[in-house]
Each structure stands twice: as C-alpha cells, then as structure tokens.
Amino acid sequence: MPGWLSAGGWGLLAGAALVAGALVGYLVKVPQTVIAGIMAFGSGVLLSAVSFDLIADANERGGLAPTAFGAVAGALAYTLSNVALARRGARHRKRSGLQQAGEGDRPGSGTAIALGALLDGIPESIVIGTSLLGGGPVSAATVAAVFVSNVPEGLSSAAGMRRAGRGRAYVFGLWAAIALASGLAAAAGYAFLGDAPDPLLAAITALAAGAILSMIADTMIPEAFEDVRLWTGLIAVLGFLAAFAIAQW
C-alpha cells in the first residue's frame, strides 16, 4: 500500500472517532458529568501524546530551537484563529451545555463552528501522516491519543449543537466532513513532507503540538472542570498514564 494512502487511512480512522462521539452525543442524553469526565480523560491522553510523542520527536529530529519555535508558532496560530472564530459565534463549539449559539441567535455561527472543528482536527492529522515518514510503522500512541480524545470532543460538541437547535444533517455532515478532512490532511502530511529536512519536520511537529496544547487548555479542561470539578486532575492523570502505557508497547 502506498505510504500516503496508509497515512490517509490512519488519519480517517482517528477522525472517525469524531463521528462516533457525535452520534452518541446527539442521539443519547448523556449526563453532563459523564461528558466532562470523558473530556478530562481525553485531555490527559492528548497531554501525554504532546509530551512524549510530539515534542520529544520534534526535539530528537531538529533540536530545541526548531521545536520551541514551532510550538510557539502553533500556539499563536491556534489562539489568533480561535479569537477570530469566537467573535463569529464559535467560542463554545466544544461545550455540551447551553453555551453554544444557535444560527437564529448568531447568524454565521454554524460556519464558524465548522471552521473551528477543522482548526481543531487538522494539526493532529498532519502529525499522523508525518509519523510514517522514513518507512516505519505509524505511531500507535499518536493515533490512539487522537482517537480517544476525538470521541469526547465529538460527543460534547454534538450535545451542545443539539441543545442549540442544530439539525442532524448539519451535525453529522459536519463531523463526517471533518473526519474526511483528517484523512486528507494525514495523506498530505506524508506526501508533501517526505523530502523535508529534519529541522522543518521538527518545527511542523512542534507546531501541531503547540496548537493541540493550546486547544486542551482553552476548551477541553475548562469543559471538564465545569462539571467534575476537583476530580478533573485525577481523571486527566489516568488518561495521561493510559496513553503513556500505549507508547511503551
């Protein structure tokens, strides 16, 4: 199987977790505390992947300078994009409660939410693609981390979309499109970065790590803490250890 096709398949698999989570979040009335607990666990999983897989790999490839530059650039790009989208109604796109704006309350918020979901998913997928460069196997820890964290993301966001009055066609169409985009981003990461020098690959990997870390701090942990409060830290540590254990296999 061509490398780019394999990368796309793994990216699509990780993105499919968004659809699975959205199905549960939209069709089943999951208690807020359960959603928050799953979000806390997913936060820990991603924190582990960022620490031991992405940043460590970037530093090994290119050293500290490209890694630091990429991480700060990723965090800055995510934050500025998030600010722009928040002003257009996508501030609470991952929230499962009544915080999300409906299209009637905030015209254009649906488009902003869609762009925000794309913003959240693409960096993770590119990293999945680049992890296959060099002919080795895909990073199981990265795929597992993205998959596990995508389930609560889709679940929480879809529950909030339902409460905001968005229809099934919009919700499932959005997450299916993001899953497809995740596969394409992973394939592109493999196809277009194969000949890139190590410092550039390090910066790109760290850029994705910075964006993911910003997303965790800005949306996932606050959503979790709102309902599970002082249990958030413990649940996040369990997710962190679960991902770390996968990385050691």
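All heavy atoms count here, side chains included; hydrogens, waters and symmetry mates do not.
- Closest of all the heavy-atom pairs between Tyr190 and Ala7 is CB-CB, 3.8 Å.
- Atom CD1 of residue Ile178 and atom CG of residue Asn150 lie 10.5 Å apart, to the nearest 0.5 angstrom.
- Taking 4.5 Å as the limit, every side-chain heavy atom of Leu27 sits out of range of all side-chain heavy atoms of Arg162.
- Side-chain atoms of Asp198 do not come within 3.5 Å of backbone N or O of Gly62 as any donor-acceptor pair.
- To the nearest 0.5 angstrom, Leu213 atom CG is 11.5 Å from Met220 atom CE.
- In the hydrophobic clustering of this structure, Tyr170 groups with Leu18; members are Ile, Leu, Val, Met, Phe, Trp, Tyr whose side-chain heavy atoms approach within less than 4.5 Å, directly or through other members.
- Contact record, Val19 with Ala179: CG2-CB, 4.1 Å, taken as the closest heavy-atom pair.
- In terms of heavy atoms, Ala224 sits closest to Ala36 at CB-O, 3.4 Å.
- Under the 4.5 Å side-chain heavy-atom criterion for grouping Ile, Leu, Val, Met, Phe, Trp and Tyr, Leu238 is connected to Trp231 within one hydrophobic cluster.
- Residues satisfying the side-chain contact (heavy atoms from CB on, under 4.5 Å) test with Phe52, not counting sequence neighbours, are Ser48, Phe240, Phe244.
- The distance from the CZ atom of Arg61 to the CD1 atom of Ile204 is 10.0 Å, given to the nearest 0.5 Å.
- Contacts of Leu13 classified as side-chain contact (heavy atoms from CB on, under 4.5 Å), with partners at least two apart in sequence or in another chain: Trp10, Phe147.
- Grouping the Ile, Leu, Val, Met, Phe, Trp and Tyr side chains by contacts below 4.5 angstrom, directly or via other members, places Val24 with Ile35.
- Between Gly11 and Ser182, the closest heavy-atom pair is O-CB, 3.7 Å.
- A continuous path of ILVMFWY side-chain contacts below 4.5 Å connects Leu23 to Leu174, so both sit in one hydrophobic cluster.
- To the nearest 0.5 Å, the span separating OG1 on Thr232 from CG on Leu234 amounts to 9.5 Å.
- Separating the CD1 atom in Ile212 from the CG atom in Leu207 is a distance of 10.0 Å, to the nearest 0.5 Å.
- Minimum heavy-atom separation, Ala14 to Val146: CB-CG1, 3.7 Å.
- In this structure, the side-chain contact (heavy atoms from CB on, under 4.5 Å) partners of Ala211, at least two apart in sequence or on a different chain, are Tyr78, Pro123.
- Hydrophobic clustering of Ile, Leu, Val, Met, Phe, Trp and Tyr side chains at less than 4.5 Å, counting indirect connections, unites Val34 with Val28.
- How far CG of Leu54 is from CG of Asn59: 12.5 Å, rounded to the nearest 0.5 Å.
- Taking each heavy atom of Ala22 and Phe172 in turn, the nearest pair found is O-CE2, 3.7 Å.
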